[in-house]
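Presented below is the structure to which this report refers.
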Protein chains: 2
Amino acid sequence: MSDYKKRSEIIIRKLRQSGLKMTPQRLAIVNVLAKSEGHPSVEDIHARLKKEFPTMSLATVYRNIVLLKSLGEVLELGFPDGSNRYDGNRPFPHPHLICIKCKKILDPDLDSLEKMKKEVESETNFRILSHRLDFFGICSACLSEKV
Amino acid sequence: MSDYKKRSEIIIRKLRQSGLKMTPQRLAIVNVLAKSEGHPSVEDIHARLKKEFPTMSLATVYRNIVLLKSLGEVLELGFPDGSNRYDGNRPFPHPHLICIKCKKILDPDLDSLEKMKKEVESETNFRILSHRLDFFGICSACLSEKV
DNA sequence: TATTAAATGATAATTGTTATCATTTAATAC
DNA sequence: GTATTAAATGATAACAATTATCATTTAATA
Ligand SMILES: [Mn+2]
Ligand SMILES: [Mn+2]
Ligand SMILES: [Zn+2]
Ligand SMILES: [Zn+2]
């Protein structure tokens, strides 16, 4: 079974366990999130499903995102300009690499973050519960596009 | 001369060099930003100046924040829920420690971040230009308030 | 004091998200 | 298969932080 199929079955199992109805729209949204390698926006998801569900409302996408967040199965990357993006594969805080040109968002490997969290906790008297780390820059594809 | 006075004079010098008018409202906003130890919101700034300028418009605060950002003299900490905060003392990217209970925001000392940036740049082919790092948790004051 | 470009105050417009509500539908029992 | 019912959907209004607009005021300069 493919990775995305595994991931979407995990989410669907969680939905069933919560006693929620499995509508075609809901299943399609889950599949887009599980299949996506990137970090789609609500608009991306809605546009992707426009052919299969020509009458699907944006509100339905928003509602299902809220639901999946509450179940801990999707991570919201909120941005102050409202261009929010979603990670349905790694629904826990992790660093992101954001291209300011093409808006692509990648998941880099980074293991020094836990160390940093400990450093902060010992220097201050905070109890750290979560974090958000974004690196902004230009991706390799956009770098090589320079004329 | 106090630290905040030094900081506000730096900002005011930059404003004069840019050929901008020095209005009482503008000076007051700069002083609030330079004096603040924390990270005030637009509403905070507006409320702080309500007594001195009873007719000051929120738009004036927003306009001056936009101006100071464009001059590189204030750092905006934008949050997806619109509760934006401003740092007029360290107008460059740096980590923040955010109490989710009392909304206090602190500037921790952290020197391992540059290392992390280099790690990311060498592992990927991104050119990193900026970053944003927030730790969310409970501050010591709120921890000891537990009943 | 007169001139003028910039700043201000008041408020309308904008935009991503949430709320509302009538209609449809998935799940369950019979 | 049919009936029942609570949940989900689609359409759209409401919301709220920010930005734009515009008439009026004012800082800077001569
Ligand atoms: Mn991710
Ligand atoms: Mn700061
Ligand atoms: Zn790119
Ligand atoms: Zn606190």
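In what follows, chains carry the letters A, B, and so on, assigned in the order in which the sequence lines appear, proteins first and then strands, with residues in each chain numbered from 1.
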Item to complete: Round to the nearest Å and state the distance from Arg16(A) atom CZ to dA26(C) atom C1'.
Response: 11 Å
Worksheet item: In whole angstrom, what separates Tyr62(B)'s OH from dT11(C)'s P?
Response: 17 Å
Worksheet entry | side-chain N/O Ser57(B) vs dT8(C) OP1/OP2, d < 4.0 Å | no
Worksheet item: OP1 or OP2 of dG9(C) less than 4.0 angstrom from a side-chain nitrogen or oxygen of Thr60(B), does that happen here?
Response: yes
Worksheet entry | Rounded interatomic separation in angstrom, taking CD1 from Ile65(B) and C1' from dT8(C) | 16 Å
Fill in: Pair assignment for dT29(D), Watson-Crick or G-U wobble, requiring both distances under 3.5 Å
dA2(C)
Item to complete: Would you kindly compare Glu43(B) and Leu20(B) by the position of their nearest DNA chain D nucleotide and give the one closer to the 5′ end?
Response: Glu43(B)
Worksheet entry | Listed nucleotide nearest any side-chain atom of Lys21(B), set dT9(D), dA27(D), dT18(C) | dA27(D)
Practice prompt. Describe the nucleic acid contact of Pro24(B) in one word from base, sugar-phosphate, nothing, applying a heavy-atom distance below 4.0 Å.
Written response: sugar-phosphate
Response to the item:
note: Leu27(B), atom CG; dA7(C), atom P; distance rounded to Å ~ 12 Å
Worksheet item: Of the candidate nucleotides dA10(C), dT17(C), dA26(C), which contains the atom at the shortest distance from the side chain of Asn84(A)?
Response: dT17(C)
Fill in: Sidechain-backbone polar pair: Thr124(A) side chain, Val120(A) backbone, donor-acceptor under 3.5 Å
yes
Worksheet entry | Atom-to-atom span, CD of Gln25(B) to C1' of dT26(D) - whole angstrom | 9 Å
Worksheet entry | Distance-only polar pair, side chains of Asp134(A) and His131(B), donor-acceptor under 3.5 Å | no
Discussion item. Using the side-chain heavy atoms of Arg63(B), tell me which of these nucleotides is nearest: dA27(C), dT9(D), dC22(D).
Written reply: dC22(D)
Practice prompt. Determine, step by step, whether Asp44(B) and His39(B) satisfy the side-chain hydrogen bond (donor to acceptor under 3.5 Å, both in side chains) criterion, reporting the C-alpha distance in whole Å, the side-chain angles of both residues, the deciding distance to 0.1 Å, and the verdict.
Written response: CA-CA 9 Å; Asp44(B) 290 338; His39(B) 298 76; over 6 Å; no
Worksheet item: Which one is paired to dT9(D), where only Watson-Crick or G-U wobble pairs with both distances under 3.5 angstrom count?
Response: dA22(C)
Discussion item. I want to verify a distance call: between dA8(D), dA27(D), dA7(C), whose nearest atom is closest to the Arg26(B) side chain?
Written reply: dA7(C)
Discussion item. Tell me whether Glu9(B) is salt-bridged to Lys14(B), with the criterion being a basic N under 4.0 Å from an acidic carboxylate O.
Written reply: no
Worksheet item: In terms of side-chain heavy atoms of Val66(A), which of dT18(C), dG9(C), dA7(C) is nearest?
Response: dT18(C)
Response to the item:
Taken to the nearest whole Å, CE/Met22(A) to P/dT9(D) is 10 Å
Worksheet item: Hey, does the side chain of Ser36(B) reach the backbone of Leu33(B) with a donor-acceptor pair shorter than 3.5 angstrom?
Response: no
Worksheet item: Should dG1(D) form a Watson-Crick or G-U wobble pair with both distances under 3.5 Å, which nucleotide is its partner?
Response: dC30(C)
Worksheet item: Rounded to the Å, how far apart are Met56(A) CE and dT9(D) C1'?
Response: 9 Å
Fill in: DNA chain D: 5'-proximal contact among Asp81(B) and Thr23(A) (nearest heavy atom)
Thr23(A)
Fill in: Nucleotide dT19(D), atom C1' - distance to CD of Glu76(B) in whole Å
13 Å
Discussion item. I want to verify a distance call: between dT11(C), dA19(C), dT8(C), whose nearest atom is closest to the Ala59(B) side chain?
Written reply: dT11(C)
Response to the item:
Against the side chain of Thr55(A), the closest entry in dT9(D), dA7(C), dG10(D) is dG10(D)
Practice prompt. Using the ring of Phe79(A) (Phe, Tyr or Trp, six-membered ring only), decide whether Arg132(A) places NZ or CZ under 6.0 Å from its centre and within 45 degrees of its axis.
Written response: yes
